[in-house]
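Read the structure below first, then the notes.
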Amino acid sequence: MSLNSSQAERQILAVLAHVPAGKVVSYGQLADLAGLPRRARLAGRVLRTADTRHLPWHRVVAASGQLSLVKGSAPWLEQRQRLLSEGVRFKGNPLSGNTVIMAQYQWQPDLAQLLILLDY
DNA sequence: CTGTTGACCAGTG
DNA sequence: ACACTGGCCAACA
């Protein structure tokens with residue numbers, strides 16, 4: 001039905017759909033939660049390739065907290081603006097900040113959320 | 001078909 | 001803080 005074919009890709013997108021507003025996840029964490037350990041790179045590829053228009057794609061950042069899009073580009077500006085509007089704050093200069101304060105905003109899945117993940 | 005690239009990342013020095 | 005390594009593997013040339 002979708003242009004997004006592979007099983008691994010669907011799992012990653014399914015988990016992404018559950019990331020709550022105001023929180024962020026790293027690529028590696030996203031893959032991990034999808035049951036795909038050490039597949040951080042796949043998560044990155046999926047975010048670049050798949051149709052994420054109806055998913056919270058902007059809540060995925062590097063494990064370091066850095067946004068992985070090209071700094072200053074239109075997509076970068078959009079991601080930054082979306083996160084700011086959800087209350088996510090950045091390190092350093094508020095105008096040029098490129099790094100999310102992970103300790104404060106990284107998604108910590110609880111048991112209920114884990115249960116949701118079992119039925120994708 | 002082979003070779004390279006990359007919205008990644010933890011480990012090591 | 002920074003540089004480099006090895007793992008990972010689908011997409012692309």
Side-chain angles (χ1 to χ4, degrees):
Chain A
M1 147 152 12
S2 70
L3 304 174
N4 307 329
S5 37
S6 88
Q7 172 73 10
E9 182 171 322
R10 278 196 307 275
Q11 290 173 193
I12 285 172
L13 294 174
V15 174
L16 174 59
H18 290 292
V19 180
K23 293 286 183 180
V24 297
V25 278
S26 71
Y27 297 88
Q29 191 178 22
L30 189 59
D32 233 336
L33 291 166
L36 302 163
R38 289 178 296 289
R39 302 296 303 279
R41 231 165 171 144
L42 172 65
R45 191 164 52 244
V46 169
L47 266 281
R48 177 175 50 81
T49 297
D51 179 8
T52 56
R53 279 176 298 172
H54 305 298
L55 294 171
W57 57 268
H58 58 285
R59 297 179 192 140
V60 186
V61 303
S64 63
Q66 295 241 139
L67 304 193
S68 295
L69 297 175
V70 178
K71 191 176 181 182
S73 67
W76 179 86
L77 287 169
E78 184 179 352
Q79 179 170 24
R80 196 158 177 296
Q81 189 235 324
R82 285 186 178 215
L83 290 175
L84 286 171
S85 74
E86 293 182 353
V88 174
R89 291 197 296 98
F90 290 73
K91 297 180 181 176
N93 186 310
L95 289 177
S96 60
N98 188 49
T99 307
V100 171
I101 304 172
M102 292 300 269
Q104 191 170 1
Y105 298 109
Q106 187 167 35
W107 187 33
Q108 304 293 343
D110 60 23
L111 292 179
Q113 287 168 317
L114 285 176
L115 287 178
I116 292 174
L117 299 183
L118 293 179
D119 58 13
Y120 49 69

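Letters A, B, ... are given to chains in the order of the sequence lines, protein chains preceding strands, and every chain is numbered from 1.
A8(A) is linked by a side chain to side chain contact (heavy atoms under 4.5 Å, CB included) to S6(A), L36(A), L42(A), counting only residues two or more places apart in sequence or in another chain. Contacts of R48(A) classified as side chain to side chain contact (heavy atoms under 4.5 Å, CB included), with partners at least two apart in sequence or in another chain: R45(A). Take Q29(A) and apply the side-chain hydrogen bond (donor to acceptor under 3.5 Å, both in side chains) test, not counting sequence neighbours, and it matches Q106(A). When the side chain to side chain contact (heavy atoms under 4.5 Å, CB included) test is applied to S73(A), the partners found at least two apart in sequence or on another chain are V70(A), P75(A), W76(A). With sequence neighbours left out, R89(A) forms a side chain to side chain contact (heavy atoms under 4.5 Å, CB included) with I101(A), Q104(A), Y105(A).
In the region residues 86-93 of chain A, proximity to DNA chain B at under 4.0 angstrom, judged on heavy atoms, holds for none of the residues.
Straight-line distance from the CG atom of L77(A) to the P atom of dA7(B): 18 Å, rounded to whole Å. Protein atom CZ of R38(A) is 15 Å distant from nucleotide atom P of dA10(C), rounded to whole Å. Between the CG atom of N98(A) and the C1' atom of dA7(B) there is a distance of 12 Å, rounded to whole Å. Rounded to whole angstrom, the span from the CD atom of Q66(A) across to the C1' atom of dA1(C) amounts to 13 Å. Taking atom CD1 of I12(A) as the reference point, atom C1' of dA7(B) lies 12 Å away to the nearest angstrom. Rounded to a whole Å, the CD atom of Q7(A) is 15 Å from the P atom of dC9(C).
At the heavy-atom level, R48(A) lies under 4.0 Å from base atoms of the strands shown.
Residues in residues 60-83 of chain A take part in these salt bridge (Lys or Arg N to Asp or Glu O under 4.0 Å) pairs, two or more places apart or across chains: E78(A)-R82(A). Pairs engaging residues 52-69 of chain A under the salt bridge (Lys or Arg N to Asp or Glu O under 4.0 Å) rule: D51(A)-R53(A), R59(A)-E86(A) [sequence neighbours left out].
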Which nucleotides of nucleotides 8-13 of chain B have their base under 4.0 Å from a protein heavy atom (B), which only their sugar-phosphate (S), and which neither (-), written as one string 5' to 3'? BS----
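Residues V24(A) and V19(A) are not in side-chain contact: their nearest non-hydrogen atoms beyond the backbone lie 4.5 Å or more apart.
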